[in-house]
Amino acid sequence: MYYSYRDVMQFIEEEDVKFIRLAFVDIAGIQKNISIMPSELKRAFTDGIAFDASSIYGFGDEVSSDLFLRPEPQTLEILPWRPSQGRVARMFCNIFNSDGTPFELDSRRLLKLAVDRAKAKGFSFNFGAEFEFYLFKRDENGSPTKIPYDNAGYMDIAPEDKGEDVRREICFTLLNMDIMPESSHHEMGPGQNEIDFKYSDAMTSADNAITFKTVVSSVCNMNGLCADFSPKPLADKSGSGLHINMSVKSADGNDHFRPMLAGVLRHIKEMTAFMNPCEESYARLGKDKAPKYITWSRENRSQLVRIPAAKGEYRRIELRSPDPMINPYVAYTLLINAAMDGIENELQPPEPVNVNLYTAAPEITEALELLPQSYSQAAEIARNSEFIKSSIPLGFLR
């Protein structure tokens, strides 16, 4: 890692870096960037590099459109799929207004604030992500299609699983960027794949999630394929989820696992618009191992929250409702704040629902609370939520 302007400049000279991408995300979590030459780095660190915010989704209009990017030097990484001569590096940036104040819709800053508030009270949270996505073929003009790359099923192997080599290339690229994949395999749908990440702190995990989608899209494009992260790309096949694993550590050494779980369950309806941020998200929920009831249980994949069979540092909750369209900085901010609400108020979760909710009798399911059934319903709940208003600006609603 590189922590100062001098360190960055030395690295760039030694590694023959000719372009630096200053990266940030819009309110939807879609990565954007400006490329600068090494000669502009000093200005980037001191004054920031200006860009037209009115052209970025959700960032405002033409009346007050100048925002500035200042890079975080510790996020410097070489992009290994770019040329080895005249290399390209990337740094994530903080976003500022023209008067030097932080931009309120900088979601990376919001996560920093949530992490710092929790740390001040003696708590830290780790996250791990399980990304599902589809590989589709491109047509003769290079445009994406909805034709799956293969017709393999869950954890199949080659030759049925044609994505094996692509996943391996993705994993090697991630390793070259100091991102540790934990496992990868073919998923249930035709052309559907999953890659899981090793646990890390909240900011690193969110940065890695953004980087992951860029790596997958780039590697797939180089292989003549299209990566699709939408939650339900094929109406009659499995949807793609982004299962979020979350754990808590405390300075007092006490066990705050159950209050953390209780806080997440308490606020999940209010958070759903940000965990499932498009209308298509709701076509996935309730089908093919995607939850729709606000319940939890141990090891049970029909639940909203599953407690995996793990001990020690691997003890965690697995939230199964989110999908890959989330802004991870916003999602992790809300989850930390919900967990802290549970911990500070010593909440306890309801009793677990130890049944298969996909086959359970109506007399069981009719008594259970549902997640929002559409984006409009989820957004309305969020707009009326004091918890959401105290956590993030409502400008993040799409």
Side-chain angles (χ1 to χ4, degrees), residues 1-53 55-56 59 67-96 103 106-109 111-112 129 131 169-181 195 197 200-222 227 229 324 327-329 332:
M1 291 186 179
Y2 306 89
Y3 294 101
S4 70
Y5 164 72
R6 181 176 296 176
D7 293 332
V8 170
M9 289 305 298
Q10 181 178 344
F11 176 86
I12 283 172
E13 183 176 346
E14 291 174 352
E15 296 294 329
D16 189 33
V17 173
K18 299 301 184 187
F19 292 91
I20 300 100
R21 290 185 180 179
L22 303 183
F24 63 101
V25 299
D26 65 14
I27 64 170
I30 297 173
Q31 183 177 320
K32 307 289 184 178
N33 73 259
I34 297 175
S35 291
I36 62 172
M37 305 294 283
S39 59
E40 297 299 309
L41 261 178
K42 185 174 182 179
R43 181 164 67 94
F45 279 112
T46 55
D47 301 327
I49 300 297
F51 70 97
D52 176 10
S55 297
I56 303 296
F59 272 19
L67 291 176
F68 291 80
L69 299 175
R70 293 180 192 162
E72 289 258 15
Q74 65 267 30
T75 65
L76 177 66
E77 287 287 351
I78 293 290
L79 302 184
W81 61 89
R82 302 297 293 157
S84 57
Q85 290 186 325
R87 304 179 81 180
V88 180
R90 179 227 65 203
M91 283 184 283
F92 284 111
C93 296
N94 299 311
I95 309 174
F96 292 87
F103 179 52
D106 179 359
S107 52
R108 201 168 181 276
R109 172 180 166 271
L111 180 55
K112 281 185 182 179
F131 269 98
E169 188 175 346
I170 290 168
C171 289
F172 281 143
T173 303
L174 293 169
L175 284 170
N176 286 336
M177 300 181 74
D178 297 319
I179 299 173
M180 184 66 68
I195 298 178
F197 292 103
S200 51
D201 66 89
M203 185 61 70
T204 300
S205 180
D207 284 347
N208 288 351
I210 297 298
T211 302
F212 171 80
K213 293 177 77 170
T214 302
V215 168
V216 172
S217 296
S218 298
V219 170
C220 290
N221 186 61
M222 289 187 290
F229 290 97
N327 180 331
Y329 303 108
Y332 292 177

Measure from the side-chain N and O atoms of [X] to the backbone N and O of [Y], and report whether any donor-acceptor pair falls under 3.5 Å.
{"X": "Lys18", "Y": "Gln85", "result": "no"}
{"X": "Asp16", "Y": "Gly86", "result": "yes"}
{"X": "Asp106", "Y": "Ile95", "result": "yes"}
{"X": "Thr75", "Y": "Phe92", "result": "yes"}

Discussion item. Holding to side-chain hydrogen bond (donor to acceptor under 3.5 Å, both in side chains), I want the full list of residues that pass it with Thr214, two or more places apart in sequence or in another chain.
Written reply: Gln31

Discussion item. Just checking Met222: does its CE atom have more than 12 heavy atoms from other residues, nucleotides or ligands closer to it than 6.0 angstrom?
Written reply: yes

Smallest separation among heavy atoms of [X] and [Y], with atom names:
{"X": "Asn208", "Y": "Ser200", "value": "ND2-OG, 4.2 Å"}
{"X": "Met91", "Y": "Val8", "value": "CE-CG1, 4.3 Å"}
{"X": "Ala23", "Y": "Asn33", "value": "CA-CB, 4.0 Å"}
{"X": "Leu175", "Y": "Pro181", "value": "CD2-CD, 3.8 Å"}

Worksheet item: Any chance the side chains of Thr173 and Asn176 put a donor and an acceptor closer than 3.5 Å?
Response: no

Worksheet item: Does one side chain, of Ser55 or Asp52, offer a donor that lies under 3.5 Å from an acceptor on the other?
Response: yes

Residues that [X] engages under ring-ring contact (aromatic ring centres under 6.0 Å, His included), provided they are two or more places apart:
{"X": "Phe131", "result": "Phe212"}
{"X": "Tyr329", "result": "none"}
{"X": "Tyr332", "result": "Phe127"}
{"X": "Phe96", "result": "none"}

From [X] atom [atom1] to [Y] atom [atom2], the distance as rounded to the nearest 0.5 Å:
{"X": "Arg6", "Y": "Gln10", "atom1": "CZ", "atom2": "CD", "answer": "9.5 Å"}
{"X": "Asp207", "Y": "Gln74", "atom1": "CG", "atom2": "CD", "answer": "9.0 Å"}
{"X": "Asn94", "Y": "Leu22", "atom1": "CG", "atom2": "CG", "answer": "11.5 Å"}
{"X": "Ile210", "Y": "Ile30", "atom1": "CD1", "atom2": "CD1", "answer": "9.0 Å"}
{"X": "Cys93", "Y": "Leu67", "atom1": "SG", "atom2": "CG", "answer": "12.5 Å"}

Practice prompt. For side chain to side chain contact (heavy atoms under 4.5 Å, CB included), just list the numbers for Trp81 and Val88, CA-CA rounded to whole Å, side-chain angles, deciding distance to a tenth of an Å, and then say yes or no.
Written response: CA-CA 9 Å; Trp81 61 89; Val88 180; over 6 Å; no

Fill in: Residues Arg90, Glu77: salt bridge by 4.0 Å N-O rule
no

Worksheet entry | Check: Phe68 ring centroid to Phe103 ring centroid under 6.0 Å | no

What pairs of donor and acceptor atoms, side-chain ones from residues 41-51 against any protein atom, are under 3.5 angstrom apart with sequence neighbours left out?
{"residue": "Arg43", "atom": "NE", "partner": "Glu40", "partner atom": "OE1", "Å": "3.0"}
{"residue": "Arg43", "atom": "NH2", "partner": "Glu40", "partner atom": "OE1", "Å": "2.7"}
{"residue": "Thr46", "atom": "OG1", "partner": "Lys42", "partner atom": "O", "Å": "2.9"}
{"residue": "Thr46", "atom": "OG1", "partner": "Arg43", "partner atom": "O", "Å": "3.4"}

